[in-house]
Amino acid sequence: MTTNHDYPTLRMYIAGEWCEGGAGSTAPVLNPATEEVLGHVPLATVADLDRAAEAAVTGFAAWRDTPVAERTAILHQAADLLVSRSDEIGRTMTLEQGKPLREASGEARRVAGALRWDADDARRAYGRVIPSEEGTLLTVRRQPVGPVAAFTPWNFPAGGPMRKIAAALSAGCSIVIKASEETPGTAVRLVRCFEDAGVPAGALNLVFGEPAEVSAHLIGHPATRLIAFTGSVPVGKLLSAAAGAEMKPSLMELGGHAPVIVCEDADPVAAARRAAAAKFVNAGQVCTSPSRFLVHESLLEEFTEEFVRAAEAVVVGDGLDEGVTMGPLANERRLRAVEALTADAVAKGAKVRTGGERLDRPGYFFAPTVLTGVSDDAALMSEEPFGPIAPLVPFSDLGDALRLANSLPYGLAAYGFTRSTATAERLTREFEAGILSINHCGGSVHEAPSGGVKASGYGREGGPEGLDAYLVTKRVSHLLAG
Ligand code: NAD
């Protein structure tokens with residue numbers, strides 16, 4: 001039973017104070033499982049944004065000069081709070097985003113791990129000493145870039161913001177983050193963990209607002225030194241162009257349209273089970289979600305049967321209800337987009353093997369959908385579906401499959417299934433993607449970098465590369481006799 005009881009009061013967090021927007025304007029936040037209003041998110045004015053950017057300057061000075069051991073201890077304390085509050089964070093997330101409670105609480109616990117990884121990695125942000133001329137100490141230092149402006153979407157209400165907050169604070173930067181206006185409650189709960197752990201005022205600021213206005217203002221603000229964005233390719237292009245016009249570096253984690261190639265020698269049943277399990281996580285609203293299934297023609301029938309069985313075993317419902325394994329789409333835009341992509345594919349000859357329509361109940365529910373006979377010119381084959389639709393397409397030659405896989409401007413995730421080491425190596429060489437999984441469809445891990453190539457963006461989050469964008473390299477030559 002959904003209640004608003006677990007939903008926090010929505011406020012922005014600027015200079016260590018929880019506040020409403022200066023103009024008092026707000027936007028409603030909906031529960032996608034019921035379409036009920038959960039609360040109202042405050043929207044920032046330009047004056048609010050200026051206060052946040054200025055607070056980030058003061059916060060940067062305090063946080064950068066906090067000894068790294070102390071910063072790390074505070075961030076570990078925040079991670080402990082995230083874990084101990086993961087159930088309440090998860091309930092808030094399910095209410096506003098729709099994903100099943102287990103997934104949501106799991107996400108809250110997982111982000112604590114990401115934070116610990118980055119916090120510990122900051123202790124290894126080594127510079128170097130370079131042999132140089134007599135009497136000169138030549139060193140290279142890695143220092144925090146400065147205040148960061150970050151923008152994150154609604155699909156991972158904890159994971160998205162935490163990638164930015166963890167890396168920025170670990171590196172010694174301050175941050176102004178605009179989390180999604182559609183999932184603000186989770187962001188409020190995350191920020192409280194940092195506040196309670198003792199992050200100084202101004203080092204972490206949370207704002208909401210009209211996205212285009214907020215990003216334009218913060219990117220142009222002289223205080224901002226780095227722009228970090230997760231979201232769609234078109235918006236990423238806009239923001240990176242705006243950053244470029246200011247000569248400010250940016251980190252872009254954008255969308256994809258991940259191909260799965262099931263080779264002739266693969267186990268079709270195991271491949272179908274693993275691919276289907278990944279497909280319906282978060283109702284397909286994952287940037288790395290497998291979304292084009294290229295299956296060797298000799299395996300297509302067996303693969304399709306098992307995939308359809310797995311799709312039909314998904315339990316769709318309100319994420320707060322016991323046993324539900326897939327919630328609604330997060331907003332009405334996604335529901336409309338998924339309906340349109342399915343209708344277009346069917347009009348161009350696709351056959352619906354299961355699903356294919358929204359559920360007859362309130363909320364933005366769409367059935368897990370499997371399509372075969374999808375023509376190359378169906379929009380679904382080139383537009384990221386960001387929903388629970390799986391087009392299955394046969395191929396006869398691996399070279400053709402790779403060409404099709406690489407034919408889009410995206411290059412985020414790719415998946416291959418094969419029993420041959422040589423074929424796996426060919427996939428590794430030829431897939432144009434920043435993230436490749438072979439014989440499984442696993443998610444991201446803290447210890448390895450994630451990010452895209454081509455239009456899927458640049459920069460990496462996680463792993464030893466995760467702090468790179470947040471650190472600048474300074475060459476220091478020190479004439480000792482001076
Ligand atoms: P959208 O392009 O309108 O927005 C994507 C995100 O960017 C949202 O969080 C939005 O608030 C934000 N945004 C939009 N305009 C902005 C601006 N000018 N400045 C700053 N932020 C801005 O799309 P949407 O309907 O919210 O999501 C649909 C598409 O977005 C999906 O098809 C998918 O491609 C992409 N997406 C990708 C990710 C990811 O993890 N890479 C996450 C969510 C959405």
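Just follow the structure's listing: the first ligand is 1, and inside any ligand the first atom is 1. We use all heavy atoms of the structure for the numbers below, so side chains are in, but hydrogens, waters and symmetry mates are not. In this chain, residues are counted from 1 in sequence order.
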min-distance protein heavy atom vs atom 14 (C) of ligand 1 -> Val235 CG2, 3.6 Å
side-chain contact (heavy atoms from CB on, under 4.5 Å) partner of Leu82, chosen from Met162, Arg109, Arg110: Met162
Decide yes or no on ring pair (Phe, Tyr, Trp, His ring centres under 6.0 Å) for Phe386 and Trp154, but give the supporting numbers first. CA-CA 12 Å; Phe386 230 62; Trp154 41 263; 5.7 Å; yes
Would atom 10 (C) of ligand 1 count as contacted, meaning some protein heavy atom under 4.0 Å? no
Option of least heavy-atom distance to atom 21 (N) of ligand 1 (set: Gly452, Gly209, Pro211): Pro211
Below the 3.5 angstrom mark, is there an N/O of Ser180, backbone or side chain, next to an N/O of ligand 1? no
Ligand 1 contact on Leu239 by region, counting heavy-atom pairs under 4.0 Å: side chain
Measure from atom 29 (C) of ligand 1 to every heavy atom in Gly256, Ser232, Gly457 and give the option owning the shortest one. Ser232
In this structure, atom 12 (C) of ligand 1 is nearest to the protein heavy atom Phe229 CE1, 4.3 Å
Is the closest N or O pair between Ser215 and ligand 1 shorter than 3.5 Å? yes
What protein heavy atom sits nearest atom 33 (C) of ligand 1, and how far off is it? Glu384 OE1, 3.2 Å
Residue, atom and distance of the protein heavy atom nearest atom 39 (C) of ligand 1 read Cys287 CB, 3.5 Å
Side-chain donor-acceptor pairs under 3.5 Å in residues 231-241, sequence neighbours left out?
residue: Ser240; atom: OG; partner: Gly236; partner atom: O; Å: 3.1
residue: Ser240; atom: OG; partner: Lys237; partner atom: O; Å: 3.3

Within ligand 1, which atoms have a heavy atom of Ala212 less than 4.0 Å away? 17 (C), 18 (N)
Of the choices Phe386, Trp154, Phe156, which has the non-hydrogen atom that lies closest to atom 31 (C) of ligand 1? Phe386
Just distances here: any N/O of Thr230 and N/O of ligand 1 closer than 3.5 Å? no
What protein heavy atom sits nearest atom 6 (C) of ligand 1, and how far off is it? Pro153 CB, 4.2 Å
Gln285 contact mode with ligand 1 (heavy-atom cut-off under 4.0 Å): neither
Any side-chain heavy-atom pair of Ile175 and Lys164 under 4.5 Å: yes
Verify atom 3 (O) of ligand 1: protein non-hydrogen atom under 4.0 angstrom away: no
Report yes if some N/O of Arg333 lies less than 3.5 Å from some N/O of ligand 1; otherwise report no. yes
